[in-house]
Amino acid sequence: MRGRLMFGVGTLAAALAAGSCKDDVGLTSIPPAPERYIAFLSGANEPTPIATAAQGLATVTVNGDSIHYRIELSNIDSAFLAHIHHGAAGTSSGVIVPLYVSPRPSTDLNFSGLLIDSTVAVTAAILAQIRADTTYVNVHTKVNQAGEIRGQLFRFQ
């Protein structure tokens, strides 16, 4: 009988302890997901489409008041500039963040690989434009100096 009483008291104590637990215990240590944006770069995305085998992927990760960016390319000849521009698809606009600029050398012919992987501080206004999905990444080449491949940045979850 005493064993049953002890089992009952132990079961009641366990049930009360479990009932008083909150579902969010321990979740405060999980960091928020990074704020990431990506752009698929192609000649078809230029305001006047460019017939090219070149393509690429740009990723931008927001970290406070800076962005970490990475541009990977394939089949591109003599890329010498890359920027983030403010503007909707099909329009051209000014540079808001230089990503790959002189004195960096242009790529070789038929280049494939990592163009740049770096971090830069940006203003709150630039972050607002990126978050509003009104920016694009453009890669310029010696043959297509206005831009050979580009893509709109969009939030990647």
Side-chain angles (χ1 to χ4, degrees), residues 18-157:
S20 67
C21 289
K22 294 181 179 179
D23 290 341
D24 63 352
V25 173
L27 294 180
T28 57
S29 63
I30 298 173
E35 188 178 347
R36 273 197 196 112
Y37 298 84
I38 63 172
F40 298 106
L41 312 174
S42 77
N45 294 334
E46 289 291 338
T48 301
I50 305 288
T52 179
Q55 56 185 335
L57 176 68
T59 58
V60 173
T61 304
V62 176
N63 185 11
D65 63 351
S66 67
I67 58 171
H68 178 86
Y69 57 93
R70 181 180 176 93
I71 300 175
E72 298 174 76
L73 304 173
S74 64
N75 305 315
I76 198 162
D77 294 338
S78 304
F80 71 99
L81 292 172
H83 306 105
I84 295 177
H85 296 255
H86 179 255
T91 65
S92 293
S93 185
V95 172
I96 61 171
V97 182
L99 303 176
Y100 188 84
V101 295
S102 204
R104 295 183 185 275
S106 61
T107 64
D108 296 329
L109 298 179
N110 203 30
F111 173 81
S112 292
L114 180 64
L115 179 68
I116 186 109
D117 185 350
S118 191
T119 302
V120 65
V122 294
T123 65
I126 289 172
L127 288 175
Q129 291 172 348
I130 291 171
R131 290 177 175 135
D133 296 329
T134 59
T135 55
Y136 62 92
V137 173
N138 204 3
V139 178
H140 308 260
T141 63
K142 291 185 177 182
V143 172
N144 293 294
Q145 293 190 9
E148 181 156 336
I149 59 175
R150 87 180 229 175
Q152 293 297 124
L153 280 169
F154 65 92
R155 180 86 187 250
F156 183 74
Q157 310 253 354

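Treat the numbers as computed from the prediction; the structure is a model and nothing was measured.
- Nearest heavy-atom pair, L127 versus G64, reported as atom, atom and distance to 0.1 Å: CD1-O, 3.5 Å.
- Residue pairs meeting the ring pair (Phe, Tyr, Trp, His ring centres under 6.0 Å) criterion with at least one member in residues 105-128: none, sequence neighbours excluded.
- For the atom pair N110 CG and S74 OG, the distance stands at 9.0 Å (nearest 0.5 Å).
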task: Please report the C-alpha distance between T59 and Y37 in whole Å, then the side-chain angles of each, then the deciding distance to 0.1 Å, and finally whether the side-chain contact (heavy atoms from CB on, under 4.5 Å) criterion is met.
output: CA-CA 6 Å; T59 58; Y37 298 84; over 6 Å; no
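- Applying the salt bridge (charged side-chain N to carboxylate O under 4.0 Å, His left out) criterion to D108, with sequence neighbours excluded, gives no partner residue.
- Within the structure, salt bridge (Lys or Arg N to Asp or Glu O under 4.0 Å) contacts touching residues 32-44 (residues at least two apart or in different chains) are E35-R131.
- Contacts classified as side chain to side chain donor-acceptor pair (under 3.5 Å) and involving residues 114-126 (residues at least two apart or in different chains) are given here: H68-D117, H68-T119, R70-D117.
- When the side chain to side chain contact (heavy atoms under 4.5 Å, CB included) test is applied to V143, the partners found at least two apart in sequence or on another chain are T141.
- Tested against V122 for a side-chain contact (heavy atoms from CB on, under 4.5 Å), the candidates D65, V62, V97 yield a single pass: V97.
- In this structure, N75 and S112 have side chains that are in contact, with non-hydrogen atoms separated by less than 4.5 Å.
- Annotation: side chain of I84 is not in contact with side chain of Y136 (no heavy-atom distance under 4.5 Å).
- The salt bridge (Lys or Arg N to Asp or Glu O under 4.0 Å) pairs that include a residue from residues 74-94 number zero, where partners must be two or more places apart or lie in different chains.
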All N/O donor-acceptor pairs, side-chain side in residues 44-57, below 3.5 Å, sequence neighbours left out:
residue	atom	partner	partner atom	Å
N45	ND2	F40	O	3.1
N45	ND2	S42	OG	3.4
N45	ND2	R150	O	2.8
E46	OE2	I149	N	3.3
T52	OG1	A54	N	3.0
T52	OG1	E148	OE2	2.6

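- Atom CG of L73 is separated from atom CG of L114 by 8.5 Å, given to the nearest 0.5 angstrom.
- The distance from the CD1 atom of I38 to the CD atom of Q152 is 12.5 Å, given to the nearest 0.5 Å.
- Atom CG of D133 sits about 9.0 Å away from atom CZ of F154, to the nearest 0.5 Å.
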With a cut-off of 3.5 Å and sequence neighbours excluded, list every side-chain donor-acceptor pair involving residues 99-107.
residue	atom	partner	partner atom	Å
Y100	OH	P105	O	2.5
T107	OG1	S78	N	3.3
T107	OG1	A79	N	2.8

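- For the pair A82 and V139, the tightest heavy-atom approach, listed with the atom from each and the gap, is CB-CG2, 4.2 Å.
- The shortest distance between side-chain heavy atoms of L153 and V60 falls below 4.5 Å.
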Under 3.5 Å, side-chain donor or acceptor atoms of residues 86-94 against the rest of the protein: list the pairs with distances, not counting sequence neighbours.
residue	atom	partner	partner atom	Å
H86	NE2	T134	OG1	3.3
T91	OG1	A88	N	3.2
T91	OG1	A88	O	2.7
S93	OG	H86	O	2.7

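- In this structure H83 satisfies the side chain to side chain donor-acceptor pair (under 3.5 Å) test together with H140, sequence neighbours excluded.
- Residues satisfying the salt bridge (charged side-chain N to carboxylate O under 4.0 Å, His left out) test with R155, not counting sequence neighbours, are none.
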